[in-house]
Structures are given as structure tokens and as C-alpha cells.
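One structure is given below, encoded as C-alpha cells.
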Protein chains: 2
Amino acid sequence: MTAPRTPTRNRRAEILQAAAELFAARGFHGVSIEDIGSAVGVSGPAIYRHFSGKEALLSEILLDISERLREQGARLVTEPDAPAGSAYARAALDALLRGHIDFALANPALIRVHERELDNMPEPDRRRVRRLQRLYVEEWVTVLSELYPDCPPARLRAATHAVFGLLNSTPRSAGELPPEAMAPLLHGMAVASLAVLT
Amino acid sequence: MTAPRTPTRNRRAEILQAAAELFAARGFHGVSIEDIGSAVGVSGPAIYRHFSGKEALLSEILLDISERLREQGARLVTEPDAPAGSAYARAALDALLRGHIDFALANPALIRVHERELDNMPEPDRRRVRRLQRLYVEEWVTVLSELYPDCPPARLRAATHAVFGLLNSTPRSAGELPPEAMAPLLHGMAVASLAVLT
DNA sequence: CGGCGATGTTAGTCATCATTAACCGGCTCG
DNA sequence: CGAGCCGGTTAATGATGACTAACATCGCCG
């Protein structure tokens, strides 16, 4: 059996997930390596067999989140040969919304970490995450500028951040509503709020 | 001159403000007492002449924010003898929105701290802050239930959290738009997003 | 004047942590 | 079989950082 192979892979993933949840709950500096270790049943320095340090954990978590969001966005927006029509743009916005909402509802802890811990990341990786975030925002802005051509980009960007705030409220309204009810609510609210950009 | 009186009052306020800004920028655990001291020109343990400890600083900051929001909300909603009509409710919602938006635009750092640092507060005060937050949310829910009587409370609460997320996006979209443009944009987006509750 | 309360200062003290060292069992592969 | 890596373990080690002690200044009030 590939006993050593698979378990190793699992350990890494387990650690990342546990770390993400702990960071979400108590913040990067509020969590010790020992905490992370015992969350996965090993103790303390065992973490260093899988990651070079605490910051490396955060880097990997944040890069993964940013890449997932950006890549998802890029896939949805760039895939067809983009007739650049208003109808196409509406569908693209819909896809962006759906993707972001699904992610936020499925991973409230990751959303929280993504929103709060950028500053605690080591410089080179922080820049990469910021770049990915910027690209993701620009995808939204591109789609929105198709739908609201008279709206200045700064306004579109501000509105995009506002919509992200709305969608990323999932960690705070956890449990109020089941996801099946939450998703359409957020979708509807987002679309309606963007309609004021006309 | 009242040299000792006024300076003291100022020091306290100075410290609170500096601490709030530092907490907003680097997180509670990312800031040392020494940092806070030097931000106001004294060094380190001088802080203990004004506050009993680091947590006391956070407590005072968060309690102040929560109280300001709640009190502002209560004032606007409870003041007249509440004819309980839809027109009155619309005005109340408007007032709540205006109050929250003004606060968020004037104090992005405080909004950030309020959103991120609840967990780092000592237990008894944390409960008080949570209570104030709950009361504030319930004020919104009360007004909204007047406007959308067929909407179940859980849905109203979820929508309220979503709107808070939208309004509290100010720290992230800082600088995109001047406040004079930001305020009506957020107001419009919030009102429009809530209209889906019908 | 003399003392005292409010504010600071600098030098500990004590915990907490990230990270490293030194050591070990077991699985695989030659 | 046996060498070696993989993943763990438990003890340092070294910083950092909250908080306390002991001592200084200074303006006011008696």
C-alpha cells in the first residue's frame, strides 16, 4: 500500500484546514503552532515536518483562496469569445455572483481569513495575494463597465468592494438562514444594489 | 492654568485613538504596548498610568463604538411617538442608514476594529459589546419588519448583516471615491438591496 | 517651604512562543 | 538484512512582550 504517500498528503491538507479555522476564529497571532498541532492530533514542532514556519501556513492559505477566486472569475468571464454585448455581460455578472456566493457560503472561515490576515503575511507573498485580489476586482469592474458604460471606473470599483462586503457577510450571519435560502437572497440583494449604477 | 487636568484628559483620548488606529492596521496581537506608547510620544509602561492593561484599551474602544452606534440608532428610531406607519418606517430606515454611513466614512479604523477584534476582548466586556450589537441589529430588524411585514425575521436579520457588510466596506474601498460621492452611493445600494425583501 | 498626587522613566520579571536540536521507530527498497 | 528517509517526540534556546518595581519631576495646595 502507498501508506506513506497518501497519509502525508492528508496531513498537509489537514494542517492547512485546521490552521485556517483557528486563524479565522482567533486571528493569526492568537493561534500558536502548538494549537495547530494539537488540532490535528500531533504536537507542536511536528508542523515543521510539513511547513517551513507559521507564516508559510498563512501564505499557502491566502494564496490558495485568492487563486481560487481569481481563477474561478477568469474562467467564467474569459471562456467564450466574449461578444461584449449587454446580455453576455449580464450572464457573466451572474456567473461571478454565483461563484463568489457559493465559495463564501461553503467556506466562511476562509473568507474571514482572507479579509483579516493580509497584513500578517511575509512581504513577497503578500504582494502576490494583492495582485490576485486586484485582478479579481478588475474582472468584476470589466463586466460591470459593460453593463453600466457611463459609470466611472472608480465608482465601479467602490461598488464592487461594497458588494464583496455584502457577500462576505456570511461569517457574521452564520446560521440565520440555511444556505439554500441565503444564496438567492445574497444574489438578489447584490444585483439590486448594483442596479443603482445606471 | 489647569495644566494637569486637561493634558490628562487629552492623553487618555490620544492613547485610545492611537491604539485604535494601530489595532486597525496590525491587529490586537500585532501591536505592543510599547508601540502604542511611542505613537503618542511616551514610552511603554506610561500607558499603565491611564489604563489597567492592553485588554482594557480594547474594551474601552469597542464599548465606545458599540454604544455610539446603538445609541444613535435608538435615538433615531425611538424618538417620535412612532406612528408605526410605512412612511414613518421608511424615514427611520433612512436615518439609520445615514447614521451608519456617516460613522463608517468618518471612522474606517474604528469600523475595522469593531469587525475584527471582538474575540480578543475579556469575557465580561465581550458580552456587553455583543448585547449592544444585538440591540443595534434588532433596531434595524424592527424598522425593516415594518416595511416588509411578510418577511420572516431570520431573513431580515440576514439581510441586515449583509447591509452592514456593504456599508462597512469603507475601510477597503478607501480612497476610491471622495466621501461626498461614497455616501449617496452606499445609501442607494443599501436601499436597493433591501427592496428585494418585499 | 514641604509634601503629595499625577505622570513618566528605566530596569527588571515571568510567560509565551516560534523555532531548532537531538533522538527514535518503522517502512521501503536495495 | 539493513540503510535511510519520513514523520514524530521531547528538551532546549532566544525573542518578544505584558506587566511590575523603584525611582524622578513637577505643579499645586497647605
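Convention: sequence-line order gives letters A, B, ...; per-chain numbering from 1. The basis for the numbers below is simple: all heavy atoms, side chains too, and nothing from hydrogens, waters or symmetry mates.
The NZ-P distance, from K54(B) to dG17(D), rounds to 9 Å in whole Å. The separation between I47(B) atom CD1 and dG8(C) atom P is 9 Å, rounded to whole Å. The OH atom of Y48(A) sits 15 Å away from the C1' atom of dT10(D) (whole-angstrom rounding). Put simply, CG on D35(A) is 11 Å from C1' on dT16(C), counting in whole angstrom units. In this structure, R12(B) atom CZ and dG8(C) atom P are separated by 13 Å, rounded to whole Å. Following rounding to the nearest Å, H29(A) (NE2) and dA15(D) (C1') show an atom-to-atom distance of 14 Å. Computed from coordinates, the I33(A) CD1 to dT20(C) C1' distance equals 13 Å when rounded to whole Å. At whole-Å resolution of the value, CG in L57(B) and P in dC19(D) are 10 Å apart.
Remark on DNA chain C: of its neighbouring residues P45(A) and G30(A), the 5'-side contact belongs to G30(A), judged by nearest-heavy-atom nucleotide. Between I15(B) and E34(A), the one whose closest nucleotide on DNA chain C sits nearer the 5' end is I15(B). In terms of position along DNA chain D, the nucleotide closest to S52(B) lies nearer the 5' end than the nucleotide closest to the other residue of the pair S52(B) and R49(B).
Contacts of G53(A) with the nucleic acid, taken as non-hydrogen atoms under 4.0 Å apart, involve only primed sugar atoms and P, OP1 or OP2.
Closest to the side chain of A46(B), out of dT20(C), dG8(D), dT9(C), is dT9(C). For V42(A), counting side-chain heavy atoms from C-beta on, the closest listed nucleotide (dA18(C), dT9(C), dG8(D)) is dG8(D).
F164(B) and L135(B) sit in two unconnected hydrophobic clusters of ILVMFWY residues. Membership requires side-chain heavy atoms under 4.5 Å apart, directly or through other members.
For H50(A), a side-chain nitrogen or oxygen approaches OP1 or OP2 of dG8(D) to under 4.0 Å. Look at R11(B) and you won't find any side-chain N or O under 4.0 angstrom from OP1 or OP2 of dA6(C).
Note on E67(A) versus R70(A): no salt bridge recorded, every NZ/NE/NH1/NH2 to OD/OE distance being 4.0 Å or above. Salt-bridge annotation for E71(B) and R75(B): present, with a side-chain N of the basic residue lying under 4.0 Å from a carboxylate O of the acidic one.
The side-chain heavy atoms of L167(B) and L97(B), taken from C-beta on, include a pair separated by under 4.5 Å.
Aromatic rings from H100(B) and Y136(B) are positioned such that their centres are separated by under 6.0 Å.
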